[in-house]
Amino acid sequence: AEMRQTKIALIPIVLAAAIAAAFLAGCGANPQYFHSKATLEQPATLAVMPLVNLSKYDEASDVVMNSLLIQLLDIGYFDIVDPGLVDHAVLERRIRFTDRLPLATMQELGDTLNAEYMLLGTVNEFDMITNRMETVPLVSISLRIVRSDSGTIFWAATHTRRGDPPESVFGLGRIMTLEQLTAFTA
């Protein structure tokens, strides 16, 4: 109970490190936003909504979602709502696009799932591309954490990363598959 009373004004170190640190290491500037006056009780309850898939790869959202859930569970900052319960609530309400929920739907889901926050997002790209006569993976995701009761954006980021690091010796350390890149991206 005492731990819940702990207020944290901004959590760029914890949240960004968990979700995007590997992402930031290999790609230039990526936009990120933190609500300047937001506070977060630790641990906060977070419902991770199914990601919308805009890529050509049918299972991209599942691959990214699994990697994202592992990262969120690993840091232990959030109490994560069981993904099965989230999926059931989304299917029951016939919600097709979980990246743009009306406030009333967000509030209803927050109440149903007992979640103070929701993570909403999109897999923008998930593909193998040809770059300098070699094929490398490309992953691009947009994520945001919002308050379920108000829709206020607490944190948002868009990140894109390719699997071709600027330097490598004989290809060692290269990321050559979408699954490897996703593990570093989420």
Side-chain angles (χ1 to χ4, degrees), residues 3-54 60-83 85-86 89-90 95 97-126 139-161 181-186:
M3 193 175 210
R4 272 205 180 276
Q5 300 300 322
T6 305
K7 294 277 189 174
I8 297 182
L10 293 175
I11 56 165
I13 296 170
V14 176
L15 191 56
I19 296 176
F23 217 74
L24 294 169
C27 52
N30 288 291
Q32 266 191 92
Y33 166 80
F34 289 93
H35 192 288
S36 62
K37 296 180 182 172
T39 58
L40 186 66
E41 291 188 11
Q42 186 183 4
T45 304
L46 178 72
V48 180
M49 304 305 289
L51 301 175
V52 172
N53 184 10
L54 300 180
S61 58
D62 294 334
V63 173
V64 173
M65 175 74 91
N66 288 338
S67 185
L68 187 60
L69 283 168
I70 289 168
Q71 292 294 320
L72 289 167
L73 289 168
D74 189 46
I75 62 169
Y77 196 83
F78 292 100
D79 286 334
I80 306 296
V81 176
D82 184 303
L85 295 175
V86 174
V90 167
I95 299 170
F97 298 105
T98 54
D99 62 333
R100 50 184 164 235
L101 297 174
L103 180 58
T105 303
M106 204 177 294
Q107 291 169 334
E108 181 184 344
L109 284 169
D111 288 343
T112 300
L113 298 169
N114 197 24
E116 302 158 280
Y117 293 88
M118 291 183 175
L119 187 140
L120 312 170
T122 305
V123 177
N124 302 314
E125 293 185 73
F126 192 87
V139 175
S140 176
I141 57 176
S142 298
L143 301 172
R144 69 185 188 279
I145 295 177
V146 299
R147 284 201 54 89
S148 302
D149 59 355
S150 66
T152 302
I153 298 172
F154 178 76
W155 172 86
T158 297
H159 294 290
T160 301
R161 184 161 184 196
L181 185 59
T182 301
F184 286 107
T185 302

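One-based numbering along the sequence shown.
Side-chain contact between V146 and L101: absent, with no pair of heavy atoms (C-beta onward) separated by less than 4.5 Å. Looking at F78 and I145, their side chains come closer than 4.5 Å, going by heavy atoms from C-beta outward. When side chains are defined from C-beta on, Q71 does not count as touching I75, because their heavy atoms never get closer than 4.5 Å. W155 places none of its side-chain heavy atoms less than 4.5 Å from the side chain of R144. With a 4.5 Å cut-off on side-chain heavy atoms, L51 and I141 do not count as touching. Using a 4.5 Å heavy-atom threshold, the side chains of P83 and V48 count as separate. Using a 4.5 Å heavy-atom cutoff, the side chains of T98 and V52 are in contact. Taking 4.5 Å as the limit, every side-chain heavy atom of N114 sits out of range of all side-chain heavy atoms of T45.
In this structure, OH in Y117 is found 13.0 Å from CD1 in I153, a value given to the nearest 0.5 Å. Atoms CG and CE, from N53 and M65 in turn, are 11.0 Å apart once rounded to the nearest 0.5 Å. Here CZ of F97 is found 14.5 Å from CG of L120. Values are rounded to the nearest 0.5 Å. The line from CD1 of I80 to CG of L46 is 4.5 Å long, rounded to the nearest 0.5 Å. Here the straight-line distance linking atom CD of E108 with atom CG of L113 works out to 10.0 Å at 0.5 Å rounding. Note that the OG atom of S142 and the CD atom of E125 stand 10.0 Å from one another [nearest 0.5 Å].
Between the side chain of S148 and the backbone N or O of A115, at least one donor-acceptor pair lies under 3.5 Å. N66 places a side-chain N or O within donor-acceptor distance of the main-chain N or O of D62, the cut-off being under 3.5 Å.
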Audit row: L143, L68, side chain to side chain contact (heavy atoms under 4.5 Å, CB included) steps and yes/no: CA-CA 10 Å; L143 301 172; L68 187 60; 4.0 Å; yes
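When the side-chain contact (heavy atoms from CB on, under 4.5 Å) test is applied to Q107, the partners found at least two apart in sequence or on another chain are L103.
The shortest non-hydrogen separation linking R147 to M106 is O-SD, 3.8 Å. Annotation for P50 and V90: closest pair CD-CG2, 4.0 Å, computed over non-hydrogen atoms. In terms of heavy-atom proximity, V123 sits nearest to S61 at CG2-CA, 3.8 Å.
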